Chemist: 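Have a look at this one.
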Amino acid sequence: MLTLLEEELTRRLCETAGLGLVRHTTGVIAATSGAVAIGDLRVAAGVSSTHLAQRFKELIGVTPKGLARTYRFTATVFSINPAEPIDWGDLAARAGYVDQAHFGHEFRAFTGLTPTRYVEVRRQFLREHPGHVLAGWPLPAV
């Protein structure tokens with residue numbers, strides 16, 4: 001019975017329209033930590049922006065841009081060392097944000113905090129909980 005179920009599920013998975021496109025595109029987004037122009041992905045795949053966005057929404061629930069934003073923000077937050085001074089402009093530029101204001105807007109959208117406040121809270125956590133298992137990890141979003 002399990003073999004039949006597995007075969008049927010595999011057959012249905014192979015029939016999913018756009019699955020190969022989404023797999024490939026998500027692979028590129030992940031490999032670049034989200035620092036890739038979605039237009040370039042669309043052109044490389046030979047599909048329209050609408051088609052690419054529809055396949056993403058249908059199969060994984062977010063658009064390619066939304067996924068790339070999440071990857072880029074995650075990589076950026078993991079690169080913050082709260083024990084050292086932070087050059088926010090440099091951090092934003094290295095992460096591929098258009099400017100520091102764009103970075104600040106994204107940061108607030110994901111965490112509910114400004115970048116400076118986020119680091120203050122993180123530093124406070126490290127002071128109050130030295131050696132905590134989560135000390136090396138970013139704080140969860142608000």
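Just so you know, these numbers come straight off a predicted model, no measurement behind them.
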Chemist: Apply ring pair (Phe, Tyr, Trp, His ring centres under 6.0 Å) to Tyr71 and list each qualifying residue two or more places apart in sequence or on a separate chain.
Modeler: none

Chemist: Under the side chain to side chain contact (heavy atoms under 4.5 Å, CB included) rule, collect the residues that match up with Val62, sequence neighbours excluded.
Modeler: Ile60, Leu67

Chemist: Can you pull the salt bridge (charged side-chain N to carboxylate O under 4.0 Å, His left out) pairs that have at least one residue in residues 67-80, sequence neighbours excluded?
Modeler: Arg69-Glu106

Chemist: Only distances under 3.5 Å count here; give the side-chain donor-acceptor pairs of residues 125-136 to other protein atoms, sequence neighbours excluded, each with its distance to 0.1 Å.
Modeler:
residue	atom	partner	partner atom	Å
Glu128	OE2	Gln124	NE2	2.9
His132	ND1	Leu134	N	2.9

Chemist: Would you please name every residue forming a salt bridge (Lys or Arg N to Asp or Glu O under 4.0 Å) with Arg117, sequence neighbours left out?
Modeler: Glu120

Chemist: Which label fits Phe73 and Phe110: parallel for a plane angle under 30°, tilted from 30 to 60°, or perpendicular past 60°?
Modeler: parallel

Chemist: Say you draw a straight line from CZ of Arg108 to CZ of Phe103; how long is it, rounded to the nearest 0.5 Å?
Modeler: 10.0 Å

Chemist: Considering residues at least two apart in sequence or located in another chain, which fulfil the side chain to side chain contact (heavy atoms under 4.5 Å, CB included) criterion with Glu84?
Modeler: Asn81

Chemist: Quick check: do Thr114 and Phe107 have side-chain heavy atoms less than 4.5 Å from each other?
Modeler: no

Chemist: Listed by chain and number, what are the side chain to side chain contact (heavy atoms under 4.5 Å, CB included) partners of Glu7, not counting sequence neighbours?
Modeler: Thr3, Leu4

Chemist: Between Ser49 and Ile38, is there a side-chain heavy-atom distance shorter than 4.5 Å?
Modeler: no

Chemist: Restricting to ring pair (Phe, Tyr, Trp, His ring centres under 6.0 Å), what partner residues turn up for His102, sequence neighbours left out?
Modeler: Tyr97

Chemist: Sequence neighbours left out, cut at 3.5 Å: what donor-acceptor pairs do the side chains of residues 18-27 make with other protein atoms?
Modeler:
residue	atom	partner	partner atom	Å
Thr25	OG1	Leu21	O	2.8
Thr26	OG1	Val22	O	2.9
Thr26	OG1	Arg23	O	2.9

Chemist: The criterion is side chain to side chain contact (heavy atoms under 4.5 Å, CB included); which residues satisfy it with Asp90, sequence neighbours excluded?
Modeler: Asp87, Arg94

Chemist: Would you mind listing every salt bridge (charged side-chain N to carboxylate O under 4.0 Å, His left out) that reaches into residues 55-66, with sequence neighbours excluded?
Modeler: Arg55-Glu58

Chemist: Taking salt bridge (Lys or Arg N to Asp or Glu O under 4.0 Å) as the definition, give me every residue that meets it alongside Arg42, ordered by chain and number, with sequence neighbours left out.
Modeler: none

